[in-house]
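A short write-up of the structure that comes next.
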2 protein chains.
Amino acid sequence: MAKNARVAASGQSERKRQAIQTAGAAVFLDRGYEAASMDVIAAEAKVSKQTIYNHFHSKDELFKAIISDMTTALVIPLSISEAAASTPQKLLQSFACDLLKLMLTPSSLAMYRLIVAESARVPELGATLYAAGAGQLLHKLAGYLEWETKRGRLAIENTESAAELFVGMLTGRLRFRVLVGDCEMPSDAELKERATVAVSCFLTLFAPVNIEPMRRPGSGR
Amino acid sequence: MAKNARVAASGQSERKRQAIQTAGAAVFLDRGYEAASMDVIAAEAKVSKQTIYNHFHSKDELFKAIISDMTTALVIPLSISEAAASTPQKLLQSFACDLLKLMLTPSSLAMYRLIVAESARVPELGATLYAAGAGQLLHKLAGYLEWETKRGRLAIENTESAAELFVGMLTGRLRFRVLVGDCEMPSDAELKERATVAVSCFLTLFAPVNIEPMRRPGSGR
DNA sequence: GCTGTATTAGACTGTCTAGTCCAGATTTGA
DNA sequence: TCAAATCTGGACTAGACAGTCTAATACAGC
């Protein structure tokens, strides 16, 4: 045991392990930790239950492995490389749209639900995941804001707090409402409108003083 | 059966029912739906298990009764009655502080966790609770903003969307971070600073044009 | 005090689950 | 080709849990 996993990447054992993690992720996300049984995961992975226990000591360890794997798979939709060729308004607008769409994805919602529900039971996971996901996203956004400030196209003193402000304005209670079934999934047009309002407010607050401010916000539906 | 419950308010039966609901709320909030067993709830309520089933047909019905009871107990910390004697800045600031403190209360956090976790299993609850809690709060805030706009002390076109914007700016990712263990409970001073930033941004966006704008925000911490 | 109803403790059923064990089949690596 | 490791499926243990049942007790209204 404990052989180099990479060497065996094409081997059956490693494929089984992957299948278990994939199936486990699906079942945990779908049902939550308690309601996900090892038998169902085994069936989903097309693997015998014993095989799961060959790879993971317990249900809890499997869960932790899956979640911690997910942190490496989180993708942040903000490419600062494009920033030079764009304007703050365009870049923030497209970032905002991407972010809204991403966070309202069924799998993102399921992930959020799972993390909120289980972070009490498994404290270390939540912080790790936050750092890899939302935290990193805010940090990248702050980096971009910093860069634009140096360039003179924005005027922000505390970029970390401004980044959080922007994301807060953008998302508001939307995720909670969708999660809780208070409203349908918004259309793309509604998301775009929401993004536009947030960007426009943000630029009103943080555009350099010598630049004409945006239209007064809050007129959106 | 089905006697008027109010008449029997001083009776033993009604007291038992109350004890069951109270104990059930505590156990559900503490452990979540799945991990809360009827035996534990009975013990906590100092009641026999059969008595629970005399009052509620099933665990699920008990859960629903408890949650729907909570909706009537939600208190919104915004008294517009004080508004006339104050200024938008002062009132929003105090509202913001109250709201932040309220939402970071251990019991509020536990409630949030429970709702997020269980709204998938019991869809109708989430919407009801949202309407009674966060939704009503946003609505009251919007009402206040409307009133100040009519009075000429604010200039807002869409007050509902502005209310959500304000709450979004105020809370940002804070609840999620605390819930997930990414950060400690913030001190009162930090909460106040956070409220100040949000209020100042909000007033910059929505103060009437003839009034001097606030200091440029984002300088916090 | 009498009568009917609610409560109680605890035994009990049936179901579900995490985790183990085993004997035979398959795969892997040399 | 052979031996070690891994996989399989299914039976099994032990415990938890929702919900029922019972026989005895406490209580409320008349």
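Atoms considered below: every heavy atom in the structure, side chains included; atoms not considered: hydrogens, waters and symmetry mates. All of these numbers come straight from a predicted model, not from anything done at the bench. Order of the sequence lines fixes the chain letters, A, B, ..., with proteins taken first and strands second; residue numbering starts at 1 for each chain.
- The separation between A/Arg15 atom CZ and D/dT6 atom P is 15 Å, rounded to whole Å.
- Atom CD1 of A/Ile52 is separated from atom P of D/dT6 by 16 Å (rounded to the nearest Å).
- Applying the salt bridge (Lys or Arg N to Asp or Glu O under 4.0 Å) test to every pair with at least one member in residues 29-43 of chain B, sequence neighbours left out, gives these pairs: B/Asp39-B/Lys49.
- With sequence neighbours excluded, no residue forms a side-chain hydrogen bond (donor to acceptor under 3.5 Å, both in side chains) with B/Arg175.
- Partners of A/Phe166 under the ring-ring contact (aromatic ring centres under 6.0 Å, His included) rule, at least two apart in sequence or in another chain, are A/Phe202.
- Put simply, the side chain of B/Glu14 reaches to within 4.5 Å of the side chain of B/Arg17, judged on heavy atoms.
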All N/O contacts under 3.5 Å from nucleotides 8-12 of chain C to the protein, with atom names and distances to one decimal?
from	atom 1	to	atom 2	distance (Å)
C/dT8	OP1	B/Lys16	NZ	2.5
C/dT8	OP2	B/Ser48	N	3.3
C/dT8	OP2	B/Thr51	OG1	2.7

All N/O pairs under 3.5 Å across the protein-nucleotides 14-17 of chain D interface:
none

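- Evaluation of the salt bridge (charged side-chain N to carboxylate O under 4.0 Å, His left out) rule for B/Arg113 yields no partner, not counting sequence neighbours.
- Contact check, B/His55 against C/dT7: a side-chain N or O comes under 4.0 Å of OP1 or OP2.
- In this structure, the helix from C/dG1-D/dC30 to C/dA30-D/dT1 shows an angle of 30° between the axis at its start and the axis at its end, each fitted on 5 base pairs and rounded to 10°.
- In this structure a side-chain-to-backbone donor-acceptor pair under 3.5 Å is missing from B/Thr171 to B/Leu174.
- A straight line from OH of A/Tyr53 to P of D/dA5 spans 24 Å, rounded to a whole angstrom.
- Here D/dA18 presents its C1' atom at 14 Å from CD of B/Glu61, a figure rounded to the nearest Å.
- Put simply, A/Ser13 has a side-chain N or O that comes within less than 4.0 Å of OP1 or OP2 on D/dC7.
- One can place CG of A/Asp60 at 17 Å from P of C/dT17, the figure rounded to the nearest angstrom.
- Every residue meeting the side chain to side chain contact (heavy atoms under 4.5 Å, CB included) condition with B/Tyr33, not counting sequence neighbours, appears here in chain and number order: B/Phe28, B/Lys59, B/Asp60, B/Phe63, B/Glu118, B/Arg121.
- Pairs passing the ring-ring contact (aromatic ring centres under 6.0 Å, His included) check and including a residue from residues 100-122 of chain A, sequence neighbours excluded, read A/Tyr112-B/Phe176.
- Atom pair A/Phe56:CZ and C/dT20:P shows a separation of 15 Å (rounding to whole Å applied).
- Every residue meeting the salt bridge (charged side-chain N to carboxylate O under 4.0 Å, His left out) condition with B/Glu148, not counting sequence neighbours, appears here in chain and number order: B/Arg153.
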Distance-only donor-acceptor pairs under 3.5 Å for side chains of residues 100-108 of chain B, two or more places apart:
from	atom 1	to	atom 2	distance (Å)
B/Thr105	OG1	B/Lys101	O	3.3
B/Thr105	OG1	B/Leu102	O	3.1
B/Ser108	OG	B/Leu102	O	2.8

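- Partners of A/Ala117 according to the side chain to side chain contact (heavy atoms under 4.5 Å, CB included) rule, which considers only residues two or more places apart in sequence or in another chain, are B/Ala117.
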